[in-house]
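Remarks on the structure that follows.
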Amino acid sequence: MTHVMIVDALAGRVPPGSSITLKGWVRTRRDSKAGLSFIHLHDGSCFGQMQVVAPNTLANYDSEILKLTAGCSIIVHGQLVDSQGKGQDVEVQASSIQIVGWVDDPDAYPIAAKRHSFEYLREVAHLRPRTNTFGAMARVRHCLAQAIHRYFHEHGFLWIHTPIITASDCEGAGEMFRVSTLDLANLPRTSDGEIDFSQDFFGRPALLTVSGQLNVETYCLALSKVYTFGPTFRAENSNTPRHLAEFWMIEPEIAFADLNDNADLAEDFLKFIFRVLLDERPDDLAFFAQRIEPQCIKRLEGFIDSSFERIEYAEAIDALKRSGKSFEFPVQWGRDLQTEHERYLTEEHLKRPVVVMNYPKQIKPFYMRVNDDGRTVAAMDVLAPGIGEIIGGSQREERLDVLDQRIDEIGLNQDDYWWYRDLRRYGTVPHAGFGLGLERTIQYATGMANIRDVIPFARTPKNAEF
RNA sequence: UCCCCGAUAGCUCAAUUGGUAGAGCGAGCGGCUGUUAACCGCUAGGUUGCUGGUUCGAGUCCAGCUCGGGGAGCCA
């Protein structure tokens, strides 16, 4: 008897009549007076479950089988047969069932065989992977992560492992977490009363990265096509369904490329990973369509079949002004788009993902390339219905004199960016890249409303229990 | 961080104008059934988030706190 995963048994990759071993966790048990019990078994290999038929002739039927409850772990030996009942094609006629782990106090088992609210499940994050939703989420997340690596690998990109810890506190993407080994209760001080970071582990202030972009640009300007994919940290006190303090970000960077090349890449890339998801996880997507967001599969198919809507920032402003809508925040060239504006553009005006390009330079970071008009920079945001900003990117400023001017304008110190500036001194080339939030991508694909439910262990303000 | 809303049984919720708490699901026991969110009956299970206040009396009213949700800002 060989151990098979339920996915293989259900998919017909195991010949009917085979003697097999299954290992997994009980979801439900139903007893029949015909002298048998039905056990639905999950092992995480797919959305589906295997029905195990346990006859009362099993030695431990009365003593153990009848006491199985949701969550118990068991090993089943038996024969894979065509099901006599409705609801499944095959089932396993058990010849023996070994209980590996009981559930203490079934009355208080946190994952009962019933619906639970997501709010509640966040409080039992160590057990929620046993639910349909979080099993599906984990498989979708894995599938997308694999598809991302596959896309880049197949297109000649190198995965660059940019650092988690950075000494640069000027990455310009929000508040950062400090990394230190100093004794908080007894901080060393310099003569003028400041904290003496020369005594800290790195001999200088260190922080968790908010973006690998500046680092990955160095490899882009040597290896042409690169990307990062790793954890990213923001210490913002953000309490929303689309922000995490720790999230995973994908940041490709391409050399000899402009903003249009960048948008082309974003579009091709997203279509690829969603195609893979539709191909490889139809079971889980069907669940999300049935129980979470009815439109999610159609939305992905539509995404793949249609081209991105690309509009200029100035066009977006015009469209908002002509919308006739009364917005809480004013619509005016030179001001950033508010959430209500983005929602109108992507959910009402165009009703699909939209790329907004070429923003006023005063609302964007120093590293974005100044356009010929002198007023805008080559920035782009990809907005998705229901999620908002899913991608933020730009063509980078490759001209040292312009870059320096921007650093000065914004009030930053050129010396702090000495190695970044060096890239513009030695063989500079036009280049561009973007950042994609993995969790927001999963939200878009599944319809999951809260970002805390598309990552195994959410890190948010006042929450790091697990 | 700001603005709203919420916290009652293991879970999801109910409880009139303040009068000492109920249901469904889950769990246990029994019945029935190749069952499948099974069904029927019985049983157990609660210092109503915490602290204080008003009152003869607080789940209910008031204040503070903690936690959670939605919206906003920051962004991916």
Side-chain angles (χ1 to χ4, degrees), chain A residues 27-41 48-55 66-67 69-71 81 83-88 91 93 103-124 127 131-132 171-176 210-213 231-251 291 328-329 336-340 342-343 363-365 381-384 387-393 434-444 449-455 460-463 465:
Chain A
R27 281 290 176 80
T28 61
R29 189 199 89 234
R30 289 177 301 280
D31 306 317
S32 168
K33 264 298 176 286
L36 52 144
S37 291
F38 300 95
I39 299 165
H40 277 173
L41 193 68
Q49 60 203 340
M50 180 62 79
Q51 172 156 286
V52 174
V53 182
L66 289 179
K67 293 173 182 164
T69 57
V81 298
S83 179
Q84 298 173 34
K86 293 179 175 133
Q88 59 281 318
E91 63 191 18
Q93 196 72 35
V103 166
D104 281 353
D105 191 6
D107 183 35
Y109 180 57
I111 310 295
K114 55 163 293 192
R115 299 176 80 144
H116 295 285
S117 67
F118 290 137
E119 292 85 352
Y120 166 71
L121 290 171
R122 282 172 215 146
E123 296 171 8
V124 285
L127 296 173
T131 64
N132 281 334
E171 293 180 17
E175 294 296 311
M176 301 176 78
V210 293
S211 165
Q213 180 203 317
T232 308
F233 307 87
R234 304 276 166 89
E236 300 287 351
N237 190 9
S238 297
N239 294 286
T240 82
R242 34 179 207 289
H243 288 86
L244 291 166
E246 176 183 283
F247 64 99
W248 286 64
M249 187 156 65
I250 299 97
E251 297 175 285
R291 297 288 289 276
E328 184 183 349
F329 294 92
D336 210 351
L337 299 178
Q338 301 294 314
T339 296
E340 58 175 347
E342 296 180 345
R343 292 181 70 108
I363 58 173
K364 290 294 181 182
D381 284 352
V382 178
L383 312 176
I387 312 297
E389 187 177 342
I390 194 171
I391 278 179
F434 61 82
L436 171 75
L438 177 65
E439 286 76 17
R440 290 187 182 176
T441 307
I442 299 169
Q443 283 189 272
Y444 180 74
N450 196 308
I451 200 167
R452 299 166 195 209
D453 299 325
V454 295
I455 188 168
T460 54
K462 303 283 189 288
N463 181 6
E465 172 72 16

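Order of the sequence lines fixes the chain letters, A, B, ..., with proteins taken first and strands second; residue numbering starts at 1 for each chain.
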What distance, rounded to whole Å, do you find between the two [atom1] atoms, one in [N] and one in [M]?
| N | M | atom1 | answer |
| --- | --- | --- | --- |
| B:U55 | B:U17 | C1' | 15 Å |
| B:C25 | B:U43 | P | 15 Å |
| B:G59 | B:C32 | P | 45 Å |
| B:U33 | B:C40 | P | 16 Å |
| B:G24 | B:U51 | C1' | 33 Å |
| B:U54 | B:C62 | C1' | 7 Å |
| B:C61 | B:G28 | P | 38 Å |
| B:C65 | B:C11 | C1' | 27 Å |

[X] has an atom [atom1]; how far is it from atom [atom2] of [N], in whole Å?
| X | N | atom1 | atom2 | answer |
| --- | --- | --- | --- | --- |
| A:Asn237 | B:G73 | CG | P | 15 Å |
| A:Ile451 | B:C75 | CD1 | C1' | 10 Å |
| A:Glu342 | B:C74 | CD | P | 9 Å |
| A:Asn463 | B:C67 | CG | P | 10 Å |
| A:Glu328 | B:C3 | CD | P | 14 Å |
| A:Glu236 | B:C2 | CD | P | 15 Å |
| A:Ile455 | B:A76 | CD1 | C1' | 12 Å |
| A:Ile363 | B:G73 | CD1 | C1' | 15 Å |

[X]: what forms a salt bridge (charged side-chain N to carboxylate O under 4.0 Å, His left out) with it, not counting sequence neighbours?
| X | result |
| --- | --- |
| A:Arg122 | A:Asp453 |
| A:Arg343 | A:Glu347 |
| A:Arg242 | none |
| A:Glu439 | A:Arg141 |

Would you please name every residue forming a ring pair (Phe, Tyr, Trp, His ring centres under 6.0 Å) with [X], sequence neighbours left out?
| X | answer |
| --- | --- |
| A:Phe329 | none |
| A:His243 | none |
| A:Phe434 | none |

Please work out if [X] contacts a base, only the sugar-phosphate, or nothing of the nucleic acid, heavy-atom cut-off 4.0 Å.
| X | result |
| --- | --- |
| A:Thr69 | sugar-phosphate |
| A:Arg291 | nothing |
| A:Ile391 | sugar-phosphate |

Considering only heavy atoms from C-beta outward, does the side chain of [X] approach that of [Y] to under 4.5 Å?
| X | Y | value |
| --- | --- | --- |
| A:Asp381 | A:Lys364 | yes |
| A:Arg440 | A:Glu389 | yes |
| A:Ile451 | A:Thr240 | no |
| A:Tyr444 | A:Ile390 | yes |

Next on the checklist: Whether the side chain of A:Gln49 engages the backbone of A:Arg27 through a donor-acceptor N/O pair (distance < 3.5 Å, no angle test) should be reported.
Outcome noted: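 Answer holds: no.
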Checklist entry - Mapping A:Asp336 and A:Arg29 to their closest nucleotides on RNA chain B, which lands nearer the 5' end? => result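 Upstream on the strand: A:Arg29.
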Next on the checklist: Using heavy-atom distances to pick each residue's nearest nucleotide on RNA chain B, tell me which of A:Pro106 and A:Phe329 is more 5'.
Outcome noted: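 Here A:Pro106 is the residue nearer the 5' end.
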List, with names and distances, any nitrogen or oxygen atoms from the protein found under 3.5 Å away from nitrogen or oxygen atoms belonging to nucleotides 5-14 of chain B.
residue	atom	partner	partner atom	Å
B:C11	O2'	A:Lys114	NZ	3.3
B:C11	O2'	A:His116	ND1	3.3
B:C11	O2	A:Lys114	NZ	2.3
B:U12	OP1	A:Ser117	OG	2.8

Next on the checklist: List the residues meeting side chain to side chain contact (heavy atoms under 4.5 Å, CB included) with A:Asn239, not counting sequence neighbours, and say none if there are none.
Outcome noted: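 If we apply the side chain to side chain contact (heavy atoms under 4.5 Å, CB included) test to A:Asn239, skipping adjacent residues, the hits are A:Asn237, A:Arg452, A:Pro461.
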Item to check | Sequence-distant partners of A:Glu91, side chain to side chain contact (heavy atoms under 4.5 Å, CB included), two or more places apart | outcome: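 Testing A:Glu91 for side chain to side chain contact (heavy atoms under 4.5 Å, CB included), a comparison that skips the adjacent residues, returns A:Gln51, A:Val53, A:Val81, A:Ser83, A:Gln88, A:Gln93.
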Do any side-chain nitrogens or oxygens of [X] fall under 4.0 Å of OP1 or OP2 in [N]?
| X | N | value |
| --- | --- | --- |
| A:Gln338 | B:A72 | no |
| A:Asn239 | B:A72 | no |
| A:Arg440 | B:C75 | no |

Using atom names, set out every protein N or O paired with an N or O of nucleotides 30-35 of chain B below 3.5 Å, distance rounded to 0.1 Å.
residue	atom	partner	partner atom	Å
B:U33	N3	A:Asp31	O	2.7
B:U33	O4	A:Asp31	O	2.7
B:U33	O4	A:Ser32	N	3.4
B:U33	O4	A:Lys33	N	2.9
B:G34	N7	A:Gln84	OE1	3.1
B:G34	O6	A:Gln84	OE1	3.3
B:G34	O6	A:Gln84	NE2	2.7
B:G34	N1	A:Glu91	OE2	2.6
B:G34	N2	A:Gln51	NE2	2.9
B:G34	N2	A:Glu91	OE1	2.4
B:G34	N2	A:Glu91	OE2	3.1
B:U35	O2'	A:Arg30	NE	3.0
B:U35	O2	A:Arg30	NE	3.2
B:U35	O2	A:Arg30	NH2	3.0
B:U35	N3	A:Gln51	OE1	3.0
B:U35	N3	A:Gln51	NE2	3.0
B:U35	O4	A:Gln51	NE2	2.7
B:U35	O4	A:Gln88	NE2	2.9

Item to check | Range-with-range stems of RNA chain B (Watson-Crick or G-U pairs under 3.5 Å, three or more in a row) | outcome: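 Stems (3+ consecutive pairs) listed as B:1-7 with B:66-72, B:10-13 with B:22-25, B:27-31 with B:39-43, B:49-53 with B:61-65.
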Next on the checklist: Once hydrogens and angles are ignored, does a donor-acceptor distance under 3.5 Å link the base of B:C75 to the side chain of A:Ser238?
Outcome noted: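 Side chain to base: no pair present.
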Item to check | Side chain of A:Pro241 - closest among B:A76, B:G68, B:G71 | outcome: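 The nucleotide sitting nearest to the side chain is B:G71.
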